[in-house]
Amino acid sequence: MRARTLVVLCLQGLLGLQLGAQVINPPSGQSDTTEWQGWCGLSLEWQPVKSVKLALNEQWRWDNDFGDFDRQIHQLDVTWSPRWNAFSKAQSLGAALRHTTRPDNKGDIQGKDRFLRWQVEYTAQVEPGRWSMEGRLRYQRQSALALKDESDPADYSSRVQTRIKGSVGYNIKGWKWDPEFSVERFLVQVPEGWPSDGSWRFRLGSSKRMGKRQKLRIFLQRDAQGRYTPTGWGGLDDFRLKGSTEWTVGVTWRYRIKSKRKKKEA
């Protein structure tokens, strides 16, 4: 009898350890998964020729309801839009290189994580009357340059995403702050056998020209993520039993450098 009882207890212990290693117990009660963020950006644009545009972008982000500085971004963009005819003018190909620095001054391990991201995209637009419509397809890949725990960046799992975006705007007569609404779908590449956990981004914004070469843009954005994110960003710590919702208030300012082009000879 004692031997039987001992076997049962051992089996229960082994099963308990195995289940404990695979199952995540959800926290009791309702947790607040809504967070407010703030984005602030500056952009410097230059068109050396009519079909090519270069842009240098700087961006700063705050999270935790605007209380903590989250990251700083440096990005270089190049866009090519052929000027062969009206059809080619409505399309463009782009590429960008982004460097991101994320400081972390909390916890036992503090420091900065630095990431490098490259992306390519295709954009098409049409302007029927006062409406403007645009579609964009983007592929991006981010890898680590340095990690705060001094681990090897080569061991960091690259984050690969495909993004599909559609936007529509309307030019209101006599109104300088024309509205624009966009919807974007993020498709995250995950290991084989894992369910995809892509997120959605909804943005309502407007912009106003502050001069011949300056533009101010403001927007309110909502990001809705999936129930969990098995993308290799932290193992079991990355699982979420309930998707989080992020609200972002953003302000960006753009300045376009004037290019001196030679006049055609008469």
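Side-chain contact between Gln75 and Asp77: present, with at least one pair of heavy atoms (C-beta onward) separated by less than 4.5 Å. Taking 4.5 Å as the limit, some side-chain heavy atom of Ser51 sits within range of a side-chain heavy atom of Trp80. Counting heavy atoms from C-beta outward, His74 and Gln72 have side chains that approach closer than 4.5 Å. By the 4.5 Å heavy-atom criterion applied to side chains, Asp223 and Gln221 are counted as neighbours. Side-chain contact between Met210 and Lys176: absent, with no pair of heavy atoms (C-beta onward) separated by less than 4.5 Å. Looking at Val160 and Val188, their side chains never come closer than 4.5 Å, going by heavy atoms from C-beta outward. For the pair Val52 and Thr79, the minimum side-chain heavy-atom distance is 4.5 Å or more. The closest side-chain heavy-atom distance from Lys258 to Arg213 is below 4.5 Å.
Under a cut-off of 6.0 angstrom, the local environment of CH2 in Trp46 is sparse, with at most 12 non-hydrogen atoms contributed by other residues, nucleotides or ligands. The 12-atom threshold is exceeded at NZ of Lys165, counting heavy atoms of other residues, nucleotides or ligands nearer than 6.0 Å. Taking a 6.0 Å sphere around CH2 of Trp175, one finds it holds 12 or fewer heavy atoms contributed by other residues, nucleotides or ligands.
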Mind running side-chain contact (heavy atoms from CB on, under 4.5 Å) on Leu42 and Asn57 for me, showing each step along the way?
-> CA-CA 6 Å; Leu42 299 175; Asn57 302 289; over 6 Å; no
Walk me through it: do Trp253 and Lys215 pass the test side-chain contact (heavy atoms from CB on, under 4.5 Å)?
-> CA-CA 6 Å; Trp253 178 78; Lys215 177 180 281 190; over 6 Å; no
Would you check, one step at a time, whether the test side-chain contact (heavy atoms from CB on, under 4.5 Å) holds for Glu45 with Lys53?
-> CA-CA 7 Å; Glu45 292 185 359; Lys53 181 176 67 176; 3.6 Å; yes
Test log, rule side-chain hydrogen bond (donor to acceptor under 3.5 Å, both in side chains), inputs Gln142 and Arg159 | CA-CA 5 Å; Gln142 177 174 275; Arg159 185 173 175 86; over 6 Å; no
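From Ser206, atom OG reaches atom CZ of Phe219 across 12.5 Å, with rounding to the nearest 0.5 Å. Rounding to the nearest 0.5 Å places NZ of Lys208 at 12.0 Å from CD of Gln214. Once rounded to the nearest 0.5 Å, the distance linking OG1 of Thr162 with CG of Leu137 reads 7.0 Å. Taking CZ of Arg222 as the start and CG of Leu204 as the end, the distance is 13.5 Å to the nearest 0.5 Å. Atom CZ of Arg209 and atom CZ of Arg256 lie 6.5 Å apart (nearest 0.5 Å). From Thr248, atom OG1 reaches atom CZ of Arg203 across 8.0 Å, with rounding to the nearest 0.5 Å.
Scanning all heavy atoms of the two residues, the minimum distance from Pro103 to Arg71 falls at CD-CA, 4.3 Å. The two residues Lys89 and Ser81 have their closest heavy-atom pair at O-OG, 3.3 Å. Across all non-hydrogen atoms, the minimal contact from Ser88 to Pro82 is OG-O, 3.1 Å. Across Pro153 and Leu145, no two heavy atoms sit closer than the pair CG-O, 3.3 Å.
Ile257 and Leu76 fall into different hydrophobic clusters, where Ile, Leu, Val, Met, Phe, Trp and Tyr are joined by side-chain heavy atoms under 4.5 Å apart, directly or via other members. A chain of hydrophobic side-chain contacts below 4.5 Å, direct or via other Ile, Leu, Val, Met, Phe, Trp or Tyr residues, connects Leu220 to Phe66. Hydrophobic clustering keeps Val249 apart from Trp60 (ILVMFWY residues linked when any side-chain heavy atoms are closer than 4.5 Å, directly or through intermediates). By the criterion of side-chain heavy atoms lying less than 4.5 angstrom apart, applied directly or through intervening Ile, Leu, Val, Met, Phe, Trp or Tyr residues, Trp36 is not grouped with Ile218; the two fall into different hydrophobic clusters. There is no path of hydrophobic side-chain contacts, each under 4.5 Å, that joins Trp247 to Val183.
Taking the six-membered ring for Trp and thresholds of 30 and 60 degrees, Phe69 and Trp62 have ring planes more than 60 degrees apart, a perpendicular arrangement. Between Trp200 and Phe202, the two ring planes are parallel [angle under 30°; tilted spans 30° to 60°].
Distance alone, capped at 3.5 Å, is enough to place a donor-acceptor pair between the Asp152 side chain and the Ala154 backbone.
Tyr170 meets the side-chain contact (heavy atoms from CB on, under 4.5 Å) test with Arg130, Trp131, Ile172; sequence neighbours excluded. A search for side chain to side chain donor-acceptor pair (under 3.5 Å) contacts involving Asn64 returns Asp68, not counting sequence neighbours. Applying the side chain to side chain donor-acceptor pair (under 3.5 Å) rule to Asp63 yields no partners; only residues at least two apart in sequence or on another chain are considered. Residues passing the side-chain contact (heavy atoms from CB on, under 4.5 Å) test with Gln59 are Trp39, Arg61, Ile73, sequence neighbours excluded.
Looking at Glu184 and Arg136, a side-chain N of the basic residue comes within less than 4.0 Å of a carboxylate O on the acidic one, giving a salt bridge.
Through side-chain heavy atoms spaced under 4.5 Å, either directly or across other Ile, Leu, Val, Met, Phe, Trp or Tyr residues, Phe87 is tied to no other residue.
Legend: side chain to side chain donor-acceptor pair (under 3.5 Å) pairs involving residues 111-129, not counting sequence neighbours, sorted by first then second residue: Gln91-Tyr122, His99-Arg114, Arg117-Gln119, Glu121-Arg138.
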